[in-house]
Amino acid sequence: MIPGGRLVVLGKQGAGKGTQCVRLSHHYVIPHISTGDMLRGETKAGTELGLEAQRYMDSGELIPDGVVLAMVAQRLDQDDTRTRGFVLDGFPRTVAQAVGLDELLSPAGLDLAVNIVVPTPLVLRRLASRRVCEDCAAIYSTVSPPRVAWICDACGGEVIHREDDTEAAIHRRLDLYEQQTQPLIAWYRRANKLVSISGVGSPEAVSDRLVAAVDDHRSASGGFGAPLRTIGGAAGESDRAPSEPEGGGAHDLLDFADDPEDDESVWGQSS
Ligand code: ADP
Ligand code: ZN
(Lines give C-alpha, C1' and ligand atoms only; values in the text may rest on other atoms or scores of the structure.)
(Ligands and ions follow the chains in the order given, each with its own letter.)
Protein backbone atom coordinates (compact mmCIF):
# COMPACT_ATOMS: atom_id res chain seq x y z
CA MET A 1 0.00 0.00 0.00
CA ILE A 2 1.02 3.60 -0.37
CA PRO A 3 1.78 5.08 3.02
CA GLY A 4 1.46 8.72 3.98
CA GLY A 5 4.38 10.56 5.45
CA ARG A 6 5.63 13.88 6.74
CA LEU A 7 8.23 15.16 4.34
CA VAL A 8 10.20 18.35 3.87
CA VAL A 9 11.92 19.04 0.56
CA LEU A 10 15.01 21.23 0.62
CA GLY A 11 16.98 22.63 -2.31
CA LYS A 12 18.00 25.89 -3.89
CA GLN A 13 15.67 27.96 -6.02
CA GLY A 14 15.46 26.14 -9.34
CA ALA A 15 16.49 22.78 -7.88
CA GLY A 16 13.09 21.48 -8.95
CA LYS A 17 11.40 21.45 -5.53
CA GLY A 18 8.01 22.53 -6.86
CA THR A 19 7.91 19.96 -9.66
CA GLN A 20 9.17 17.16 -7.46
CA CYS A 21 6.84 18.01 -4.58
CA VAL A 22 3.85 17.66 -6.90
CA ARG A 23 5.12 14.23 -7.92
CA LEU A 24 5.77 13.13 -4.31
CA SER A 25 2.34 14.40 -3.36
CA HIS A 26 0.71 12.15 -5.99
CA HIS A 27 2.90 9.17 -5.26
CA TYR A 28 2.37 9.11 -1.51
CA VAL A 29 -1.12 10.65 -1.62
CA ILE A 30 -0.20 13.51 0.68
CA PRO A 31 -1.03 17.21 0.32
CA HIS A 32 1.61 19.44 -1.26
CA ILE A 33 2.10 22.53 0.87
CA SER A 34 4.12 25.29 -0.77
CA THR A 35 4.56 28.42 1.34
CA GLY A 36 5.52 30.38 -1.80
CA ASP A 37 2.25 29.35 -3.52
CA MET A 38 0.25 30.10 -0.37
CA LEU A 39 1.81 33.56 -0.09
CA ARG A 40 1.26 34.30 -3.79
CA GLY A 41 -2.35 33.18 -3.33
CA GLU A 42 -2.76 35.66 -0.46
CA THR A 43 -1.27 38.43 -2.58
CA LYS A 44 -3.56 37.66 -5.47
CA ALA A 45 -6.57 37.65 -3.16
CA GLY A 46 -5.46 41.03 -1.82
CA THR A 47 -5.49 39.99 1.85
CA GLU A 48 -3.60 41.99 4.45
CA LEU A 49 -1.08 39.16 4.78
CA GLY A 50 -0.69 39.04 1.00
CA LEU A 51 -0.07 42.76 0.63
CA GLU A 52 2.48 42.68 3.43
CA ALA A 53 4.19 39.60 1.92
CA GLN A 54 4.42 41.03 -1.58
CA ARG A 55 6.99 43.66 -0.58
CA TYR A 56 9.35 40.95 0.62
CA MET A 57 8.68 38.54 -2.21
CA ASP A 58 9.24 40.95 -5.08
CA SER A 59 12.71 41.78 -3.83
CA GLY A 60 13.53 38.16 -2.95
CA GLU A 61 13.59 38.77 0.83
CA LEU A 62 12.20 36.26 3.33
CA ILE A 63 8.86 36.82 5.04
CA PRO A 64 9.37 37.10 8.85
CA ASP A 65 9.49 33.68 10.55
CA GLY A 66 6.52 34.33 12.83
CA VAL A 67 4.25 35.20 9.92
CA VAL A 68 5.15 32.12 7.89
CA LEU A 69 4.98 29.84 10.93
CA ALA A 70 1.48 31.03 11.79
CA MET A 71 0.35 30.37 8.23
CA VAL A 72 1.89 26.88 8.18
CA ALA A 73 0.52 26.04 11.64
CA GLN A 74 -2.97 26.73 10.39
CA ARG A 75 -2.48 24.57 7.31
CA LEU A 76 -1.00 21.63 9.24
CA ASP A 77 -4.02 21.63 11.49
CA GLN A 78 -6.37 20.60 8.65
CA ASP A 79 -7.80 17.07 8.44
CA ASP A 80 -5.88 15.97 5.35
CA THR A 81 -2.48 16.78 6.82
CA ARG A 82 -3.36 15.26 10.16
CA THR A 83 -4.45 11.98 8.58
CA ARG A 84 -2.10 11.62 5.60
CA GLY A 85 0.89 13.83 6.39
CA PHE A 86 2.31 16.31 3.89
CA VAL A 87 5.16 17.32 1.65
CA LEU A 88 6.39 20.79 2.57
CA ASP A 89 7.89 22.88 -0.23
CA GLY A 90 9.86 26.05 0.58
CA PHE A 91 9.42 25.61 4.32
CA PRO A 92 11.31 25.56 6.64
CA ARG A 93 13.83 28.05 5.26
CA THR A 94 15.50 29.11 8.50
CA VAL A 95 16.57 27.24 11.61
CA ALA A 96 13.92 29.18 13.57
CA GLN A 97 11.25 27.84 11.19
CA ALA A 98 12.61 24.29 11.55
CA VAL A 99 12.47 24.58 15.34
CA GLY A 100 8.92 25.92 15.06
CA LEU A 101 7.95 23.03 12.78
CA ASP A 102 9.33 20.52 15.26
CA GLU A 103 7.18 22.07 17.95
CA LEU A 104 4.11 21.91 15.73
CA LEU A 105 4.74 18.23 14.99
CA SER A 106 5.65 17.22 18.50
CA PRO A 107 5.73 14.51 19.70
CA ALA A 108 5.68 12.52 16.44
CA GLY A 109 8.06 14.79 14.50
CA LEU A 110 9.05 14.88 10.88
CA ASP A 111 9.74 11.65 8.98
CA LEU A 112 12.31 12.88 6.52
CA ALA A 113 13.92 15.92 4.88
CA VAL A 114 14.95 15.36 1.28
CA ASN A 115 17.66 17.59 -0.12
CA ILE A 116 17.71 18.04 -3.91
CA VAL A 117 21.23 19.01 -4.96
CA VAL A 118 21.83 20.99 -8.17
CA PRO A 119 24.91 23.08 -9.10
CA THR A 120 24.31 26.85 -9.09
CA PRO A 121 25.09 27.52 -12.79
CA LEU A 122 22.35 25.04 -13.70
CA VAL A 123 19.74 26.56 -11.37
CA LEU A 124 20.48 29.98 -12.87
CA ARG A 125 19.74 28.59 -16.33
CA ARG A 126 16.55 26.94 -15.12
CA LEU A 127 15.25 30.04 -13.34
CA ALA A 128 15.81 32.23 -16.39
CA SER A 129 13.61 29.92 -18.46
CA ARG A 130 11.03 29.06 -15.76
CA ARG A 131 7.40 30.05 -16.32
CA VAL A 132 4.52 29.41 -13.90
CA CYS A 133 0.73 29.33 -14.06
CA GLU A 134 -0.65 32.31 -12.22
CA ASP A 135 -3.68 30.34 -11.08
CA CYS A 136 -2.60 26.80 -10.19
CA ALA A 137 1.18 27.27 -9.93
CA ALA A 138 1.93 24.56 -12.51
CA ILE A 139 5.53 24.91 -13.66
CA TYR A 140 6.63 25.21 -17.31
CA SER A 141 9.70 26.54 -19.05
CA THR A 142 10.62 28.09 -22.36
CA VAL A 143 11.78 24.63 -23.49
CA SER A 144 8.68 22.81 -22.23
CA PRO A 145 5.88 25.36 -22.66
CA PRO A 146 2.14 24.63 -22.34
CA ARG A 147 0.46 23.16 -25.45
CA VAL A 148 -1.29 26.43 -26.32
CA ALA A 149 0.99 29.47 -26.05
CA TRP A 150 1.17 30.51 -22.40
CA ILE A 151 -2.21 29.09 -21.40
CA CYS A 152 -1.94 26.52 -18.59
CA ASP A 153 -2.64 22.92 -19.75
CA ALA A 154 -4.07 22.08 -16.35
CA CYS A 155 -6.39 24.98 -15.61
CA GLY A 156 -6.43 27.48 -18.50
CA GLY A 157 -4.73 30.14 -16.37
CA GLU A 158 -2.12 32.52 -17.69
CA VAL A 159 1.45 31.21 -17.65
CA ILE A 160 3.87 33.98 -16.72
CA HIS A 161 7.46 34.82 -15.88
CA ARG A 162 7.39 35.29 -12.10
CA GLU A 163 7.93 38.83 -10.81
CA ASP A 164 10.80 37.60 -8.60
CA ASP A 165 12.51 35.54 -11.30
CA THR A 166 14.54 38.61 -12.26
CA GLU A 167 18.31 38.40 -12.06
CA ALA A 168 18.65 40.64 -8.98
CA ALA A 169 15.93 38.87 -7.00
CA ILE A 170 17.26 35.44 -7.98
CA HIS A 171 20.75 36.32 -6.73
CA ARG A 172 19.31 37.65 -3.49
CA ARG A 173 17.27 34.45 -2.97
CA LEU A 174 20.30 32.26 -3.66
CA ASP A 175 22.39 34.28 -1.15
CA LEU A 176 19.68 33.92 1.46
CA TYR A 177 19.51 30.21 0.71
CA GLU A 178 23.23 29.85 1.48
CA GLN A 179 23.03 31.91 4.66
CA GLN A 180 19.69 30.86 6.13
CA THR A 181 18.58 27.57 4.62
CA GLN A 182 21.84 25.68 4.02
CA PRO A 183 22.38 25.24 7.80
CA LEU A 184 19.20 23.15 7.89
CA ILE A 185 20.97 20.43 5.95
CA ALA A 186 23.42 19.82 8.79
CA TRP A 187 20.58 20.21 11.29
CA TYR A 188 18.47 17.47 9.71
CA ARG A 189 21.53 15.29 9.12
CA ARG A 190 22.36 15.40 12.82
CA ALA A 191 18.80 14.35 13.56
CA ASN A 192 19.33 11.42 11.17
CA LYS A 193 16.48 12.70 9.03
CA LEU A 194 18.24 13.73 5.84
CA VAL A 195 18.69 12.15 2.45
CA SER A 196 20.38 13.99 -0.41
CA ILE A 197 19.83 13.18 -4.03
CA SER A 198 21.05 14.76 -7.24
CA GLY A 199 18.52 16.99 -8.97
CA VAL A 200 20.39 16.87 -12.28
CA GLY A 201 18.52 15.16 -15.09
CA SER A 202 14.95 14.99 -16.36
CA PRO A 203 12.05 15.47 -13.89
CA GLU A 204 11.21 11.76 -14.29
CA ALA A 205 14.76 10.65 -13.53
CA VAL A 206 14.89 12.87 -10.45
CA SER A 207 11.55 11.70 -9.09
CA ASP A 208 12.55 8.04 -9.51
CA ARG A 209 15.66 8.79 -7.46
CA LEU A 210 13.61 10.66 -4.86
CA VAL A 211 11.02 7.95 -4.35
CA ALA A 212 13.78 5.33 -4.10
CA ALA A 213 15.57 7.40 -1.46
CA VAL A 214 12.39 8.01 0.55
CA ASP A 215 11.36 4.33 0.42
CA ASP A 216 14.87 3.25 1.33
CA HIS A 217 14.95 5.53 4.35
CA ARG A 218 11.48 4.43 5.35
CA SER A 219 12.30 0.77 5.44
CA ALA A 220 15.67 1.37 7.11
CA SER A 221 14.02 3.34 9.90
CA GLY A 222 11.20 0.87 10.43
CA GLY A 223 8.39 2.75 8.65
CA PHE A 224 7.04 6.26 8.75
CA GLY A 225 4.47 8.11 10.63
CA ALA A 226 3.94 6.35 13.92
CA PRO A 227 0.83 8.31 14.87
CA LEU A 228 -0.46 8.99 11.34
CA ARG A 229 -4.06 7.95 11.11
CA THR A 230 -4.45 6.17 7.77
CA ILE A 231 -7.81 6.76 6.16
CA GLY A 232 -10.05 3.87 7.12
CA GLY A 233 -7.33 2.30 9.23
CA ALA A 234 -6.01 2.35 12.76
CA ALA A 235 -3.29 4.68 13.94
CA GLY A 236 0.18 3.45 13.13
CA GLU A 237 -0.92 0.42 11.14
CA SER A 238 0.23 0.29 7.52
CA ASP A 239 3.23 -1.43 6.10
CA ARG A 240 5.42 -0.94 9.09
CA ALA A 241 8.48 -3.13 8.99
CA PRO A 242 9.88 -4.66 12.18
CA SER A 243 12.13 -2.15 13.88
CA GLU A 244 15.71 -2.02 12.78
CA PRO A 245 18.46 0.15 14.17
CA GLU A 246 18.49 3.62 12.59
CA GLY A 247 20.73 3.75 9.57
CA GLY A 248 23.47 6.32 9.05
CA GLY A 249 24.54 8.22 5.97
CA ALA A 250 24.27 5.09 3.85
CA HIS A 251 21.04 6.42 2.41
CA ASP A 252 22.54 9.54 0.98
CA LEU A 253 22.14 8.74 -2.69
CA LEU A 254 24.28 11.49 -4.12
CA ASP A 255 24.26 10.29 -7.66
CA PHE A 256 25.52 12.64 -10.31
CA ALA A 257 25.72 9.95 -12.97
CA ASP A 258 24.95 10.79 -16.57
CA ASP A 259 21.41 10.27 -17.61
CA PRO A 260 21.34 9.16 -21.25
CA GLU A 261 17.66 10.12 -21.58
CA ASP A 262 18.44 13.64 -20.62
CA ASP A 263 18.74 15.89 -23.63
CA GLU A 264 17.28 19.19 -22.47
CA SER A 265 19.79 21.79 -21.46
CA VAL A 266 17.71 23.20 -18.64
CA TRP A 267 17.41 19.88 -16.84
CA GLY A 268 21.14 19.74 -17.10
CA GLN A 269 23.55 17.26 -18.44
CA SER A 270 26.20 16.08 -16.11
CA SER A 271 29.40 17.62 -17.30
P1 ADP B 1 11.77 30.16 -4.64
O2 ADP B 1 12.06 28.83 -4.01
O3 ADP B 1 12.06 30.20 -6.09
O4 ADP B 1 12.37 31.32 -3.90
P5 ADP B 1 9.08 30.19 -3.47
O6 ADP B 1 7.82 30.17 -4.25
O7 ADP B 1 9.38 29.04 -2.59
O8 ADP B 1 10.21 30.39 -4.58
O9 ADP B 1 9.15 31.52 -2.58
C10 ADP B 1 8.93 32.80 -3.11
C11 ADP B 1 9.08 33.85 -2.02
O12 ADP B 1 8.10 33.64 -1.00
C13 ADP B 1 10.40 33.86 -1.27
O14 ADP B 1 11.39 34.59 -1.97
C15 ADP B 1 9.99 34.52 0.04
O16 ADP B 1 9.85 35.92 -0.10
C17 ADP B 1 8.63 33.95 0.29
N18 ADP B 1 8.66 32.71 1.10
C19 ADP B 1 8.26 31.48 0.69
N20 ADP B 1 8.45 30.57 1.67
C21 ADP B 1 8.99 31.24 2.71
C22 ADP B 1 9.43 30.86 4.01
N23 ADP B 1 9.36 29.60 4.44
N24 ADP B 1 9.95 31.83 4.82
C25 ADP B 1 10.05 33.09 4.41
N26 ADP B 1 9.66 33.52 3.21
C27 ADP B 1 9.13 32.61 2.35
ZN1 ZN C 1 -2.84 26.41 -14.13
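Numbering of ligands and ligand atoms starts at 1, following listing order.
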Exercise. For ligand 1, does R130 get within less than 4.0 Å through its side chain, its backbone, both, or neither, judged by non-hydrogen atoms?
Worked result: side chain

Exercise. Quick one: does ligand 1 sit under 4.0 Å from the side chain of L39, the backbone, both or neither, non-hydrogen atoms only?
Worked result: side chain

For this session: Could you tell me which atoms of ligand 1, counted from 1 in the order shown, lie closer than 4.0 angstrom to a heavy atom of K17?
Result: 2 (O)

Exercise. At a non-hydrogen distance cut-off of under 4.0 Å, which region of Q97 contacts ligand 1 (side chain, backbone, both, or neither)?
Worked result: side chain

Exercise. Going by chain and residue number, what protein N/O/S atoms come nearer than 2.8 Å to the Zn ion (ligand 2)?
Worked result: C133 SG, C136 SG, C152 SG, C155 SG

Problem set entry | Of the listed options Q13, M71, R93, Q54, closest to atom 5 (P) of ligand 1 (non-hydrogen atoms) | R93

Problem set entry | Residues which pass side-chain contact (heavy atoms from CB on, under 4.5 Å) with T47, listed by chain and number, not counting sequence neighbours | E42, A45, L49

Exercise. Below 3.5 angstrom, do we get any N/O pair linking V68 and ligand 1?
Worked result: no

Problem set entry | Nearest-0.5 Å distance, CD1 of residue I63 to CZ of residue R55 | 9.0 Å

Problem set entry | Per-atom contacts, ligand 1 versus R162 - under 4.0 Å to a heavy atom | 1 (P), 3 (O), 5 (P), 6 (O), 8 (O), 10 (C)

Exercise. Which is it for L62 and ligand 1 at heavy atoms under 4.0 Å: side chain, backbone, both or neither?
Worked result: both

Problem set entry | ligand 1 to Y56 polar contact by distance, N or O atoms, under 3.5 Å | no

For this session: Identify which of R172, Q180, R40 has a heavy atom lying nearest to atom 6 (O) of ligand 1.
Result: R40

Cut-off 3.5 Å, no hydrogens considered: what does the side-chain donor-acceptor table look like for residues 150-164, sequence neighbours left out?
| from | atom 1 | to | atom 2 | distance (Å) |
| --- | --- | --- | --- | --- |
| D153 | OD1 | R147 | N | 2.8 |
| H161 | NE2 | D165 | O | 3.4 |
| R162 | NE | D164 | OD1 | 2.7 |
| R162 | NH2 | D164 | OD1 | 3.2 |
| R162 | NH2 | D164 | OD2 | 3.1 |

Anything under 3.5 Å between a donor and an acceptor, one on a side chain of residues 68-78, the other on a protein residue two or more places apart or in another chain? List them.
| from | atom 1 | to | atom 2 | distance (Å) |
| --- | --- | --- | --- | --- |
| R75 | NH1 | D80 | OD1 | 3.1 |
| R75 | NH2 | D80 | OD2 | 2.8 |
| Q78 | NE2 | Q74 | O | 3.3 |

Exercise. Can you find an N or O of P92 that's nearer than 3.5 Å to an N or O of ligand 1?
Worked result: no

For this session: Of the side chain and backbone of R173, name the one, both, or neither that has a heavy atom under 4.0 Å from an atom of ligand 1.
Result: side chain

For this session: Show which atoms of ligand 1 fall inside a sub-4.0 Å distance from at least one heavy-atom site of T35.
Result: 19 (C), 20 (N), 21 (C), 23 (N)

